[in-house]
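Worth saying up front: this structure is predicted, and the values here are computed from it rather than measured. To find a chain, count down the sequence lines: A is the first, B the second, and so on, and within it residues start at 1. Side-chain atoms are counted along with the backbone in the values below, which use heavy atoms only and exclude waters and symmetry mates.
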Amino acid sequence: MSVETTPVDEVGWQRQWDDAGLFHADLHPDRPKFYCLEMYPYPSGKMHMGHVRNYSIGDAVARFKRLMGFDVLYPMGFDSFGMPAENAAISEGGHPHDITERNMASITEQIKRMGFSYDWRRTLKSHDPRYYKWNQWFFTKFMENGLARREFAPVNWCQSCSTVLANEQVKAGRCWRCNGPVAQKEMSQWFLDLPAYCQELEDGLDSIAFPEHVKSLQLDWLGRSEGANIQFSIEGREETIDVFTTRPDTLFGATFVTLAPEHPLAESLVAGTEHEPVWREFHDEMATIAEFDRIKNMNKKKGIFSGRYAVHPLTEERVPIWFGNFVIATYGTGAVMAVPAHDERDFDFAKKYGIPIQRVLVMKEGADPAAPMSKAEIDLGWMVNSPVEGFDGLYGQAAKDAVCQALEERSRGHQTINWKIRPWLVSRQRYWGTPIPVIHCDDCGAVPVPEEDLPVELPRDVVFGHGNPLETSETFVNVDCPKCGKPARRETDTMDTFMDSSWYFLRYTDPLNDDQAFAKNIADHWMQVDFYCGGIEHAQMHLIYARFMTKALRDLGLTDVAEPFNELLCQGMVNKAAPFCQPCGITLPTVHEGSPCPQCGSELSSRSAKMSKSLGNTVSPEEMISLYGADTVRLFILFAANPTAGMDWSDTALDANHRVMVQMRSMPHQLTAWKVKPSPMDAWLDARMTQRTHEFCTAMDEYDLRRAVEISHYDIIKDINWYTRRGGENLEVAHRWLPIWAQMVSVSTPHLAEEWWANLDSTSTFVSGSTLPLPAPLTDEQNLVLSAEQYIRDVLEQARKVRVVAERHLGTSASQATFVVAPSWKRTMARAALTFIHDGGHPKKFIPILQEMPMTQGERKGEMIGFWGKKMLPQVFKWDDASKAVVASTMEEQAVLDAASAFIAVELGLEAVMVVVGESDHDDTGRSGSAMPLSPAVVYS
RNA sequence: GCGAGCGUGGUGAAACUGGUAAACACAGCGGGCUUAAAACCCGUUGACCGCAAGGUCUUACGGGUUCGAGUCCCGUCGCUCGCACCA
């Protein structure tokens, strides 16, 4: 690791930016706005590389947009409610508030050390009553408009977190946070009616620039399915059983009905019969078993008969009612019609319990309706064996429609759309969150806390460790009913912390407002978020809640915004190599490096794995910053991989990036040491820098940050090297481009850029507050200058390759070279062919055109046509667009080479370089046959 | 099982709506400058062959469409992610 001798004073620049209030987002009516946001972070005490990557990306975008003249809103704050702080309070003593504040102070300091351009005035924290007051206010509004409801329902209970979880927060039957088992528990809980917005949430995905895989994840969660609700009446009962099905076309094959054991009618169906104890045992087993185990045993279908019968809505036949372990109480209606002939699950179940299987579809038109069934035939088919007239022969949607119509005529069912996503369960039996602003009164029920009494603040006098801490605060719990004034009890559940992160982006637009959550005109001005950057792990929870909440707040009249985020970028993981055992297929902690596999004893290879504490392959940002500085870390992170790709941490690559930074420090010094000495190369560097500036802006506009950094920190250095190698050293050119280069550099390594900027006479203040004047597009002349230079580089490269073989033939080292430029008829042919193909002509049809051209009218006609097929046709497609443009341009190869012949001679270490046109009087090499446009033949001697 | 995506050098990876691969970087190798090293600069690096100006092969595998396929279509294999008795 090399150590910089004169490091940039990064902290000094950060202080100056801060003092100047450079990144304060203020409104200028004459400027476009840009809202750049990173996902609301939980304030753990230490910043990790994932943060650094996330914010380096966002900061580069924010800084670029400022250069482009936008008003940029780029805030930072903390999702500071949540269980880690509460758990820390329990395990180490202390209070979540103090732990959170301590962690926030520490991580804020580390984030600031990176020099990100946040408007720190706008910093939010969820646990600030000035913020969570509005969670409570929204909640009371939602109670008024019916969006918030209290329901007694089976919910997911995580024992180790001792709280309930929303459906989205259960992953494979386990808690998303602690990975502990999740059990079903019936409780009275608060829900937000997210399904009310299902259709809009699905449709909205078409209007925003989310990555396709995120859209697909969201569609999965919303889970739209089209089908029908069908009512089966129950023999001897008034109630009906509603079932949901996507296959009404198989209704005639329904030979039984299956209910979830927790179905609301279940208990009453079996009450007082011999089936009651069996059901009760079955129900209790299902209700209390951890869902994880239930899923594990999923393929063991289990059911019990209720002793009751339902009546088929169309045929009036008796069908038995069963309870099944595979029916989910909260999906659809909690009941299914079972069609064993055309559903695999029902088929297995019917086989196991000896229930009849009735074919009602055939898979081929006109097939035998009586064909035996060896397995369920689940595809769409043609209806057969219908006990009612007018259905046989119908297929697919027509069959479904016909059945639904028959049901509607009898008022026994209707078409409907079912969604998998369920109401958002927002109650949590934990302390460190927003208190739900409700007072329970024996007479008035659940009464919302009046607006003037908000916020309901978290009390400090609580005891942690035994159940819900809020229940231990007498002063909190005991209140009078706001309606009738009698003694009542305060709600002790707090809100899911995803509530906080579902609208924080709106609060950032107007963070200090104490009269409203945010002023409508201000929020509408800044929203929506133009660029949102964060991890893929929030693709379904946070990003669904936030979209829902935005729509719900819009419907309260608070904004006009329907979608919170437009462009979403999910940055890739930060990985680092860790030991890997090929035979066992496992990645091991880094402590095993260099030793054999602890399980099988074989030698370990290495594999890149996500940085994690458990593997021990983490890298501390603090340490890297202290060794190399923030700029180097930022450069490395942006250059190592595209934002969306996973990146591998590499110490050697980091070191290489640091060398670039060290080298770049001296660039202005080097350039301003040039003299006022114009040369023909000045026009080239002018054109090149113009081109680079445009390329840079295009890359940044496309969020191709890696390419942008490559231009600003690598390509331009090479361009300058080439310029000086070709004899350029004009101070005026340096003065022209150093400021713009500094601006490009400032996007990723702002501290270095400030050093540059400060040393330029022509500039004042800060590069970070400047705007970049986009140079005029390249003129034709400039393009020609660039082409000519590229031509020389290509010719040189080719000449080097040829030389090795040529000298083998010469038997000695070459002392001179003759460049034979292709005779003009070849270029004429190439131009004609390019025009022909460009205008849509088919390559095979070019020969007739060629035969008509004046140049082919002589005795060389046959030779030229042969040349076309053998050499020119493949070549025409090998040229890239730039080369094609050069072929079509007025560039004279001979003139360009003549002008550069001295340079070429020096580069190749030759005494003399001659240039001749092939087939001319000067050409005595006899090699012009192999010369092509842009590719002269080289003859060494 | 369903859905989405992916498969390119020693390595990380580029390649726009099909235009004739491997840009750029890392690692390696050769050279320059140095007493020497570092830094820096220049060159070189998919494979095989070569009669000098090049040829042949190559984007997991097998087919197809096309003047032309990493890119489009069909099939096979492998990997990643998400969902999952979802009715």
Subject >> Rounded distance in Å between the P positions of rG70(B) and rA36(B) >> reply: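 Going atom to atom, P in each nucleotide, I get 49 Å.
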Original post:
Given the P atoms of rU65(B) and rG50(B), what is the spacing between them in whole Å?
Top reply: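 Their P atoms lie roughly 36 Å apart.
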Original post:
Nucleotide by nucleotide, 5' to 3', does protein get under 4.0 Å of the base (B), only the sugar-phosphate (S), or neither (-) in nucleotides 4-10 of chain B, counting heavy atoms?
Top reply: -------
Original post:
Between I717(A) and V939(A), which is nearer to the 5' end of RNA chain B once each is assigned its nearest nucleotide?
Top reply: I717(A)
**OP:** Nearest-nucleotide wise, let me know which of M647(A) and N418(A) is further upstream toward the 5' end of RNA chain B.
**Re:**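 With N418(A) and M647(A) compared, the 5'-side residue is M647(A).
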NA contact type, [X], heavy-atom cut-off 4.0 Å: base, sugar-phosphate, or nothing?
| X | value |
| --- | --- |
| A806(A) | base |
| Q663(A) | sugar-phosphate |
| E344(A) | nothing |

Counting only heavy atoms not in [X], do more than 12 fall under 6.0 Å of its [atom1]?
| X | atom1 | result |
| --- | --- | --- |
| K352(A) | NZ | yes |
| K420(A) | NZ | yes |
| M541(A) | CE | yes |

**OP:** Applying side-chain contact (heavy atoms from CB on, under 4.5 Å), name anything that partners D343(A), two or more places apart in sequence or on another chain.
**Re:** R345(A), D346(A)
Subject >> Centroid separation F636(A) to Y628(A) less than 6.0 Å >> reply: no
**OP:** May I ask you to check whether F349(A) and F256(A) place their ring centres under 6.0 Å from each other?
**Re:** yes
Nucleotide N/O of nucleotides 18-24 of chain B paired with protein N/O under 3.5 Å:
unit_1, atom_1, unit_2, atom_2, d
rU20(B), OP2, F877(A), O, 2.7
rU20(B), OP2, K878(A), O, 3.4
rC24(B), O4', E710(A), OE2, 3.1
rC24(B), O3', K718(A), NZ, 3.1
rC24(B), O2', E710(A), OE2, 2.6

Subject >> Lys/Arg-Asp/Glu bridge criterion (N-O < 4.0 Å) met for R800(A), E797(A) >> reply: no
Subject >> Lys/Arg-Asp/Glu bridge criterion (N-O < 4.0 Å) met for R707(A), E702(A) >> reply: no
Is there a side-chain polar atom (N or O) of [X] under 4.0 Å from OP1 or OP2 of [N]?
| X | N | answer |
| --- | --- | --- |
| R725(A) | rG43(B) | yes |
| Q218(A) | rG82(B) | no |
| N642(A) | rA14(B) | yes |

Subject >> Spatial distance of atom CD1 (I720(A)) from atom CD (Q670(A)) [nearest 0.5 Å] >> reply: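 One gets 8.0 Å once the value is rounded to the nearest 0.5 Å.
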Original post:
Mind checking what makes side-chain hydrogen bond (donor to acceptor under 3.5 Å, both in side chains) contact with Q415(A), not counting sequence neighbours?
Top reply: D401(A)
Original post:
Considering only rC85(B), rG82(B), rG54(B), which nucleotide approaches the side chain of F326(A) most closely?
Top reply: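 Of all the options, the side chain of F326(A) is nearest to rC85(B).
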Original post:
Does E344(A) have any salt bridge (Lys or Arg N to Asp or Glu O under 4.0 Å) partners at least two apart in sequence or in another chain, and if so, which?
Top reply: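 Here no residue qualifies.
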**OP:** For RNA chain B, just give me the dot-bracket, please: Watson-Crick or G-U, both distances below 3.5 Å, ( ) intra-strand, [ ] crossing earlier pairs, | paired with another strand, . unpaired.
**Re:** (((((((..(((......[....))).(((((.......))))).((((....))))..(((((..]....))))))))))))....
